[in-house]
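On a predicted model such as this, the values are computed, not experimentally measured, just so you know.
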There are 2 protein chains.
Amino acid sequence: MEHALQKDFLGQEAQYLHNVSIDNVIFGYHEKELKVLLQQPFSKNKWTVTGGYIKKTESIEQAAARIAVERTGLRNLFLKQFHCFGNPERVKDRDFDAKSLSKATGLNIDPDSWMFDYFVSVGFYTLTEFSRVAIRKSEFEADCRWWPVGSIPPMLFDHKLIISEALEALRLHIAHYPIGYELLEEKFTLPEIHSLYETILSKKLDHRNFAKKLMATGILTKLDETRKIGAHRSPFLYKFNKAQYERGLKTGVELAF
Amino acid sequence: MEHALQKDFLGQEAQYLHNVSIDNVIFGYHEKELKVLLQQPFSKNKWTVTGGYIKKTESIEQAAARIAVERTGLRNLFLKQFHCFGNPERVKDRDFDAKSLSKATGLNIDPDSWMFDYFVSVGFYTLTEFSRVAIRKSEFEADCRWWPVGSIPPMLFDHKLIISEALEALRLHIAHYPIGYELLEEKFTLPEIHSLYETILSKKLDHRNFAKKLMATGILTKLDETRKIGAHRSPFLYKFNKAQYERGLKTGVELAF
DNA sequence: CAAATAGTGTCTTTTAGACATTATTAA
DNA sequence: TTAATAATGTCTAAAAGACACTATTTG
């Protein structure tokens, strides 16, 4: 998050680590769409993923969680570290220089500012049901909103790469670990979780084989209730068997689709 | 590498990034044993993995490669980033304080030195055939040598955790990508590569099924030569089909054992 | 010719994948 | 009664895994 002129950082560099930052790719799922939360630095025409700096008193995981709370208001999000980005060129961008930043913010920004240093960024991704999120735009941003992963706007620095690596990591993760706890209601139907997997993997999955495999893992419990949908038949509701789910997160669950 | 008092760092902090370091777990394979290269900071009774700092002009991958060359003399090692470690407690250690460091090095080390800062460390691992390695001990180390992964000595900071996570990452990696190019001679026998896999995975593999699976990937080419071993039958030699091997590294090769 | 190791093939079980029909409900 | 969707089972092909014997070489 080498771009943001966050109020809580300016003038308070001392409490943060230097040369290291967090970039947190926040994925939101809603109605069969996978989106990513992006922010637009003040008066810029490029976008960035959400990010921030690490306080000297917190771990990188805590920093990532704090940043996610600051942006979305959601606590206890599933956070996964996926890659570390570090090379001197990554924060160089035609649309990021002292002159235009000074103009945009009204602050007098030194070309030798820490902001133009080379930052090693630890990439995390987060999953959430995006309708739960109350977006909190900081005053130093022009905008903050969800973008479909299939149509990402022009990105600052290497943030396009960060998103695509996050997505790749997520798709790899989904093949080895259970997913969905953060993305679905407490109770959900088989067609709902089926759509979730299809959306994230961006491919069609045979619904019969999908149900068979998923049920075989033991992470789902079928309930006696059905969902009353407007038309036609009411599908059964399921919920996650939390104990099995947690075990799956630890030991892995093979779900190659 | 938050511990080493390397000559090329002291007094030259300006050319390095702050608060970020590289820890490079160097695995060596030789005669059915997997070892890890550890160094012992000057007059300490604890060990560390090899590590170092990142120059402002280089990427983290370049830094990791440079550090590996400095330690082993080997260029073009296979380097894999596997995890990032960052929390304020990780570099606190009873055996690491200004007083004992000053005494050990003969330098006057300030308790407020950068050395005691919280460093976020990017973990890499490296593979090599350890008999090729010319260990280069720096003058600030008491010792530098290979340790079997099964019996690691007392480690400084969180380096025991770093090694075990590196090993876990390696074992995960081996199930999805070809391995061995850096660990075997150019020409090798089936029993040799079989032992390599058994050693890394730390379990017995049926040799018939192993050969079947490995040959099915197409990464091996059988040669017309045999190895003349002292007694009994001479096994055929194989080499890697580099093109297939490289493709396997990119696209993945399923080798679940 | 005996001992040690290399090399290979078959059978069984399990898993993955393709595929079609029936049941339910609301309009 | 029709249209829309949910639910379920079978068959086939492929892959994984268990397992045993023969061939070669050297002393």
Side-chain angles (χ1 to χ4, degrees), chain A residues 31-32 171 174-176 178 180 184-185 187-199 201-239 248 251-257, chain B residues 31-32 171 174-176 178 180 184-185 187-199 201-239 248 251-257:
Chain A
E31 289 177 356
K32 305 192 184 182
R171 286 179 180 156
I174 209 179
H176 296 282
L184 299 166
E185 307 288 313
K187 298 173 182 179
F188 50 86
T189 66
L190 274 187
E192 281 164 4
I193 194 172
H194 178 231
S195 292
L196 170 65
Y197 274 77
E198 286 195 332
T199 301
L201 293 173
S202 181
K203 67 177 177 187
K204 286 273 164 225
L205 303 173
D206 181 280
H207 65 286
R208 293 155 291 194
N209 297 332
F210 175 82
K212 211 190 307 174
K213 263 188 174 174
L214 199 56
M215 291 311 291
T217 65
I219 60 172
L220 291 193
T221 305
K222 186 174 183 172
L223 303 176
D224 263 345
E225 317 160 53
T226 56
R227 169 154 293 168
K228 305 283 176 256
I229 316 183
H232 322 302
R233 172 163 188 189
S234 319
F236 279 99
L237 286 168
Y238 291 77
K239 65 173 184 178
T251 64
V253 161
E254 235 21 70
L255 273 174
F257 290 113
Chain B
E31 288 177 359
K32 305 191 184 183
R171 285 179 181 155
I174 208 179
H176 297 282
L184 298 167
E185 307 287 313
K187 298 172 183 179
F188 50 86
T189 67
L190 274 186
E192 281 164 4
I193 194 171
H194 180 231
S195 293
L196 170 66
Y197 273 78
E198 286 195 333
T199 302
L201 293 174
S202 181
K203 67 176 176 188
K204 287 272 164 226
L205 303 173
D206 182 279
H207 64 286
R208 294 155 291 196
N209 297 332
F210 176 82
K212 211 191 307 174
K213 262 188 176 175
L214 199 57
M215 292 310 292
T217 65
I219 60 172
L220 292 193
T221 305
K222 187 174 184 173
L223 302 176
D224 263 344
E225 317 160 52
T226 56
R227 170 154 292 168
K228 305 283 175 255
I229 317 182
H232 321 303
R233 172 163 186 189
S234 319
F236 278 99
L237 286 168
Y238 291 76
K239 64 173 187 178
T251 63
V253 161
E254 234 22 68
L255 274 174
F257 289 112

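- Minimum heavy-atom separation, K187(B) to R227(B): O-NH2, 3.3 Å.
- The distance between atom CG of L255(A) and atom C1' of dG17(C), rounded to the nearest whole Å, is 15 Å.
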| task | Quick one: do I219(B) and Y238(B) satisfy side-chain contact (heavy atoms from CB on, under 4.5 Å)? Show the steps, please. | result | CA-CA 10 Å; I219(B) 60 172; Y238(B) 291 76; over 6 Å; no

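- Sequence order on DNA chain D of the closest nucleotides to H207(B) and E254(B) puts E254(B) first from the 5' end.
- dT25(D) atom C1' lies 17 Å from atom CZ of R227(B), rounded to whole Å.
- We find that CZ of F236(B) is positioned 15 Å from P of dA23(D), with the value rounded to whole Å.
- Distance CG (L237(B)) to C1' (dG7(C)): 15 Å, rounded to an integer number of Å.
- Between E198(B) and K204(B), at least one side-chain nitrogen of the basic residue sits less than 4.0 Å from a carboxylate oxygen of the acidic one, meeting the salt-bridge criterion.
- Taking all atoms of both residues into account, the shortest heavy-atom contact from G248(A) to V253(A) is CA-CG2, 3.6 Å.
- L205(B) approaches F257(B) most closely through the heavy-atom pair CD2-CB, 3.6 Å.
- Atom CZ of F210(A) is separated from atom P of dA6(D) by 13 Å (rounded to the nearest Å).
- Scanning both residues, I174(B) and L255(B), for their nearest heavy atoms gives O-CB, 4.1 Å.
- Remark: C1' of dA6(D) and CD1 of I193(A) are 16 Å apart, rounded to the nearest angstrom.
- The separation between L214(A) atom CG and dT15(C) atom P is 16 Å, rounded to whole Å.
- Between K213(A) and dG17(C) there is a side-chain N or O to OP1 or OP2 distance below 4.0 Å.
- A sub-4.0 Å separation between OP1 or OP2 of dT8(C) and a side-chain N or O of K222(B) is present.
- In this structure, CE of M215(A) is placed 16 Å from C1' of dG9(D), rounded to the nearest angstrom.
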| request: Take nucleotides 9-14 of chain C nucleotide by nucleotide from the 5' end and write B, S or -, depending on whether a protein heavy atom sits under 4.0 Å from the base, only from the sugar-phosphate, or from neither. | output: BB----

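- Ring-plane geometry between F210(B) and H194(B) is classed as tilted, the angle between the planes lying from 30 to 60 degrees on a 0 to 90 degree scale.
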